[in-house]
Amino acid sequence: MGVKQETEPPLRGGPEWWRRSFSSMTGLGTTNEQRLQHETAGKNQRTEKESQRCKTFLDFLKNNTKSKINLGPMVIFMLDEIRKAGGSLNENNIQCLPCDSMQSGGFSPRYGVLLCQNHLRDRGHTEDTLAHELVHVYDHLKFDIDWQDLKHHACSEIRASSLSGECRWTRELFTRGVWDFTRQHQACVRRRAALSVRNHPKCKDDAHAARVVNSVFKSCFADTQPFDEIYR
């Protein structure tokens, strides 16, 4: 009579979970197959937890009053402006997915907004990331943007970094450890826009990205649509 194999993973934090974790790290008392199974189970649990956490930040898709109260003013405002511009955001074009790169989000004219569930630190970071991508959505709807044109791409990145709130001084200080308050906001916008442009397939290197950003910075930074001024 065969032995029935265990199919359910052990309770996280329980004695068997700790035994397997220790064995997996040290290689003692476990086979390669068992170690791989433990690592796979842990990865799947993390992915599911990250997915659920990310999705809780997207309750606004239900479009009820309670979810709006739980959102930051920047996100609420941008959602309204996108609707005015003829855009429609729903569970099909805003997705929480794991990402291989270190980015926290992305925008595709074809597929919509991506939130990288494994790189979102907390609710504030998620709202900043979502706000950034919503600026791209707004730009795509309102302006004749060619996303293959580096200058067009750079302009939208400048606006998104400036208007989303991700470059406010508190975020720079407490998250990124930047203590230089002199022209801090503009320096942050330039830096983050250049990092995004650097990932464009037509961008050659860091210096090329910086030149493109600098060439359009003044006019794009001054354009705060749909805001009257920069949100800080």
Side-chain angles (χ1 to χ4, degrees), residues 50-51 53-55 57-61 63 71-121 123-168 171 188-203 209 212-213 216-217 219-221 223-227 230-231:
E50 291 164 352
S51 177
R53 185 181 67 169
C54 182
K55 288 176 181 178
F57 296 127
L58 296 182
D59 280 345
F60 71 88
L61 293 176
N63 201 25
L71 286 173
M74 168 64 177
V75 173
I76 295 173
F77 179 79
M78 286 306 304
L79 287 172
D80 289 340
E81 291 299 315
I82 287 169
R83 291 189 189 100
K84 292 176 186 177
S88 176
L89 295 172
N90 53 56
E91 64 274 12
N92 295 318
N93 53 25
I94 299 184
Q95 294 287 327
C96 292
L97 294 170
C99 300
D100 292 332
S101 64
M102 289 306 296
Q103 70 191 78
S104 54
F107 167 70
S108 164
R110 181 175 181 181
Y111 299 109
V113 171
L114 166 68
L115 293 177
C116 295
Q117 62 190 40
N118 52 325
H119 295 146
L120 298 173
R121 294 184 299 272
R123 187 184 189 88
H125 184 211
T126 303
E127 288 196 347
D128 284 352
T129 300
L130 180 57
H132 180 111
E133 304 309 331
L134 292 181
V135 173
H136 289 321
V137 175
Y138 177 85
D139 286 356
H140 183 70
L141 293 169
K142 292 288 288 186
F143 309 121
D144 186 20
I145 292 184
D146 177 3
W147 294 100
Q148 295 306 308
D149 186 311
L150 283 178
K151 289 187 176 180
H152 286 203
H153 182 199
C155 190
S156 188
E157 291 295 347
I158 290 167
R159 283 173 37 76
S161 293
S162 178
L163 299 175
S164 65
E166 69 187 25
C167 277
R168 59 185 177 274
R171 180 67 67 188
C188 173
V189 172
R190 285 182 189 273
R191 183 182 74 251
R192 295 184 68 80
L195 286 172
S196 295
V197 172
R198 181 64 183 89
N199 291 325
H200 195 287
K202 290 187 176 180
C203 184
V212 173
V213 169
V216 297
F217 188 85
S219 60
C220 297
F221 184 80
D223 184 356
T224 62
Q225 298 180 67
F227 297 89
I230 296 173
Y231 172 74

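Note that these values count all heavy atoms, side chains included, but never hydrogens, waters or copies made by symmetry.
Checked against side-chain contact (heavy atoms from CB on, under 4.5 Å), D146 has the following partners two or more places apart in sequence or in another chain: Q148, D149, H152. H140 meets the side-chain hydrogen bond (donor to acceptor under 3.5 Å, both in side chains) test with W147; sequence neighbours excluded. Residues meeting the salt bridge (Lys or Arg N to Asp or Glu O under 4.0 Å) test with R190, sequence neighbours left out: none. Checked against salt bridge (Lys or Arg N to Asp or Glu O under 4.0 Å), K151 has no partners two or more places apart in sequence or in another chain. Here H136 pairs with H132, S156, E157 under the side-chain hydrogen bond (donor to acceptor under 3.5 Å, both in side chains) rule; sequence neighbours left out.
We find the CD-SG distance between Q117 and C96 to be 6.5 Å, quoted to the nearest 0.5 Å. Distance check: L89 CG to R83 CZ gives 7.5 Å after rounding to the nearest 0.5 Å. Remark: L115 CG to Q103 CD distance equals 10.5 Å, nearest 0.5 Å. Atom-to-atom distance recorded for H125:NE2 and T129:OG1 is 3.5 Å, nearest 0.5 angstrom. Taken to the nearest 0.5 Å, the CE atom of M78 stands 9.5 Å off from the CG atom of L130. The structure places CG of L134 at 6.0 Å from CD1 of I94, a figure rounded to the nearest 0.5 Å.
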Worked verdict on L120 versus C54 for side-chain contact (heavy atoms from CB on, under 4.5 Å): CA-CA 8 Å; L120 298 173; C54 182; 3.9 Å; yes

Test log, rule side-chain contact (heavy atoms from CB on, under 4.5 Å), inputs F227 and M74: CA-CA 10 Å; F227 297 89; M74 168 64 177; 3.0 Å; yes

Intermediate values then yes/no, side-chain contact (heavy atoms from CB on, under 4.5 Å), F217 and V189: CA-CA 9 Å; F217 188 85; V189 172; 3.8 Å; yes

Stepwise side-chain contact (heavy atoms from CB on, under 4.5 Å) check, L97 with C116: CA-CA 5 Å; L97 294 170; C116 295; over 6 Å; no

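Applying the salt bridge (Lys or Arg N to Asp or Glu O under 4.0 Å) test to every pair with at least one member in residues 131-140, sequence neighbours left out, gives these pairs: D139-R159.
In plain terms, the two heavy atoms of L150 and K202 that are nearest each other are CD1-O, 3.8 Å. When all heavy atoms of D128 and G165 are compared, the pair lying nearest together is OD2-O, 4.1 Å. What you find for S162 and F221 is that their closest heavy atoms are OG-CE1, 3.5 Å. In this structure, A209 and A194 approach most closely via the heavy-atom pair CB-O, 3.5 Å. Across F143 and D223, no two heavy atoms sit closer than the pair CZ-OD2, 4.3 Å. Looking at every heavy atom in both residues, R192 comes nearest to C167 through CD-SG, 3.7 Å.
Around OH of Y111, the count of heavy atoms belonging to other residues, nucleotides or ligands within 6.0 Å does not exceed 12.
By the 4.5 Å heavy-atom criterion applied to side chains, V137 and F107 are counted as neighbours. Here the side chains of C203 and V212 are not in contact, with every heavy-atom distance at 4.5 Å or above.
Without hydrogens or angle criteria, S164 side chain to A160 main chain gives a donor-acceptor distance under 3.5 Å. Remark: the backbone N or O of I82 is not paired with any side-chain donor or acceptor of D80 at under 3.5 angstrom.
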